[in-house]
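All ligand and atom numbering here is 1-based and tracks the order in the structure. Atoms considered below: every heavy atom in the structure, side chains included; atoms not considered: hydrogens, waters and symmetry mates. Counting from 1, the numbers follow the sequence of the chain as shown. Note that the coordinates shown come from a computational prediction; the quantities given were computed from them, not determined experimentally.
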Amino acid sequence: MAQTGSVIVTGGASGIGFAVAEDLLRQGWRVVVVDLLAENLSRAGAALSAHGDGVRLQQADIADEPRVEALVARIAATFGPLKGVVNCAGIARDVPALETSVALFRKILDVNLIGTFLVAREAAKAMKETGGGSIVNIASISGLKGNLGRSAYGASKGGVVMLTRILAVELAPFGIRVNDVAPGPVETPLVRELLTPETRAGWMRTVPLRRTAAPDEICGAVAFLLDEARSSYVTGQTIAVDGGFTAGGLIGL
Ligand code: NAI
């Protein structure tokens, strides 16, 4: 069924967010791609140009409170009704806890957790006025399991998982559902920079499907959670799209 309404996709100019934006446009959603990096936005804009007026590009830092407040209000007023948000913008580092500075820890929390909260809060204000909607936060398996080198990143994503549950409870009376998707390793610019040959080999030993995902493989779970016709009773949940990682224990000898 063609979707009506608009969806904000943060981090939508690269990797998983870009794949999600493209998929949502194909389903008939109108999409606002929000991203920090101008070069990513111009590449995404060229790739999505066939969708004409159905797509808008906005440069913004999701951790900048006044900027996000103004941006979401403008989107709701001029490109509404706002029916969905995919909180995908994020940053990651693999650093041992003993070498993690407070500045790095704060930076990662600021973008991944506070930025996600801020966009969700502002979008919920708009959705509350127009009969509800769906918020999908991109968490991570590193928010569900203790992975080496991920004290800051894992804590930020664990925070996203709990934030999702609390927002689901608080926003339910307004017809706003809130869920998260927790991907395993996905081939994106972020992961190509993050993984060394050694850590990549380690992941391949612990993911039952023994491979990374393509960004497109995350889109189905996101589209399902945004689609009121299919997921209207689903809120406060985490869907792991992880090749079996969180199900596994000893997966081979
Ligand atoms: P990516 O680096 O390809 O794309 C992330 C996009 O977010 C970039 O375009 C970047 O400019 C944007 N961004 C970063 N900080 C921003 C900010 N402050 N404000 C606005 N935009 C900002 O990364 P990828 O891999 O597509 O990751 C997307 C999300 O998925 C992230 O939240 C990441 O933590 C999560 N994730 C990724 C996994 C992977 O294996 N690639 C696994 C699990 C979760």
Side-chain angles (χ1 to χ4, degrees), residues 8-23 32-45 47-48 57-68 71-72 85-94 106-120 122 136-145 147 149-150 152-161 163-164 180-195 199-200 202-204 206-207 209 211-219 221-222 238-243 245-246:
I8 294 172
V9 182
T10 73
S14 175
I16 297 169
F18 177 76
V20 164
E22 210 173 22
D23 182 59
V32 185
V33 171
V34 175
D35 207 288
L36 182 65
L37 291 184
E39 67 261 33
N40 288 3
L41 277 169
S42 71
R43 210 176 326 115
L48 300 174
L57 306 170
Q58 295 287 340
Q59 186 175 10
D61 178 351
I62 57 155
D64 178 340
E65 189 171 21
R67 174 81 179 108
V68 169
L71 179 64
V72 176
V85 174
V86 183
N87 266 312
C88 197
I91 55 174
R93 301 282 184 282
D94 271 342
R106 281 211 177 100
K107 173 74 189 160
I108 291 177
L109 284 187
D110 206 31
V111 177
N112 294 4
L113 183 53
I114 296 175
T116 295
F117 166 70
L118 179 55
V119 175
E122 291 310 301
V136 181
N137 298 323
I138 305 300
S140 168
I141 53 170
S142 294
L144 301 172
K145 293 283 185 183
N147 291 322
R150 300 210 168 159
Y153 181 74
S156 76
K157 294 298 189 174
V160 168
V161 171
L163 173 69
T164 298
D180 62 89
V181 170
V186 184
E187 285 303 334
T188 66
L190 176 147
V191 120
R192 283 193 284 276
E193 198 178 313
L194 191 66
L195 298 188
T199 54
R200 184 176 281 274
W203 282 103
M204 289 312 95
T206 47
V207 173
L209 288 182
R211 63 176 180 84
T212 54
D216 285 346
E217 293 181 275
I218 312 304
C219 297
V222 175
T238 299
I239 300 181
V241 182
D242 66 351
F245 176 79
T246 48

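- Ligand-side atoms of ligand 1 in range of D61: 17 (C), 18 (N), 19 (N), range being under 4.0 angstrom from any heavy atom.
- Heavy-atom contacts of P185 reach the following atoms of ligand 1: 40 (O) (cutoff under 4.0 Å).
- Taking any N or O of S14, backbone or side chain, at least one lies under 3.5 Å from an N or O belonging to ligand 1.
- For the pair Y153 and ligand 1, a heavy-atom separation below 4.0 Å is found.
- Set against the non-hydrogen atoms of I16, the atoms of ligand 1 under 4.0 Å away are 26 (O), 30 (O), 37 (C).
- In this structure, P189 is part of the shell of residues with a heavy atom less than 4.0 angstrom from ligand 1.
- Taking the charged nitrogens against the carboxylate oxygens, E187 and R200 do have a contact shorter than 4.0 Å, which makes a salt bridge.
- Residue contacts with ligand 1 include K157, since one of its heavy atoms falls under 4.0 Å from the ligand.
- The nearest heavy-atom contact from the protein to atom 29 (C) of ligand 1 is C88 O, 3.0 Å.
- One finds the CE atom of M204 at 10.0 Å from the CG atom of L209 (value rounded to the nearest 0.5 Å).
- One finds the CD1 atom of I8 at 11.5 Å from the CD1 atom of I62 (value rounded to the nearest 0.5 Å).
- In terms of protein heavy atoms, atom 10 (C) of ligand 1 is closest to D35 OD1, 3.4 Å.
- In terms of protein heavy-atom proximity, atom 44 (C) of ligand 1 is nearest to A139 O, 3.2 Å.
- There is a side-chain donor-acceptor pair under 3.5 Å between T164 and N137.
- Assignment of G115 to the shell around ligand 1 is not supported, since no heavy atom sits closer than 4.0 Å.
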**Asked** Between D35 and F18, is a side-chain contact (heavy atoms from CB on, under 4.5 Å) present by the stated rule, with each step listed?
**Response** CA-CA 10 Å; D35 207 288; F18 177 76; over 6 Å; no
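- Atom CZ of R106 has 12 or fewer heavy atoms from other residues, nucleotides or ligands within 6.0 Å.
- Using a 4.0 Å cut-off to heavy atoms of G11, the atoms of ligand 1 that qualify are 6 (C), 7 (O), 12 (C).
- Ligand 1 lies out of reach of A182, whose nearest heavy atom is not under 4.0 Å from it.
- For ligand 1 and G15, the ligand atoms under 4.0 Å from any heavy atom of the residue are 3 (O), 26 (O).
- Considering G184, A240, S140 only, the shortest heavy-atom separation from atom 38 (C) of ligand 1 involves G184.
- Closest heavy-atom approach to atom 16 (C) of ligand 1 among the candidates L194, L36, V181: L36.
- For ligand 1, the atoms sitting less than 4.0 Å from at least one non-hydrogen atom of I138 are 30 (O), 35 (C), numbered in the order shown with element in parentheses.
- Nearest non-hydrogen protein atom to atom 2 (O) of ligand 1 is L190 CB, 3.4 Å.
- Residue contacts with ligand 1, taken as heavy atom pairs separated by less than 4.0 Å, involve A60 solely via the backbone atoms N, CA, C and O.
- Annotation: E39, atom CD; neighbour count of heavy atoms from other residues, nucleotides and ligands within 6.0 Å is above 12.
- Remark: the backbone N or O of A182 is not paired with any side-chain donor or acceptor of S140 at under 3.5 angstrom.
- Residue contact check: G90 has heavy atoms under 4.0 Å from atoms 7 (O), 14 (C), 31 (C), 32 (O) of ligand 1.
- Considering only non-hydrogen atoms, atom 15 (N) of ligand 1 lies nearest to V111 out of V33, V186, V111, V9.
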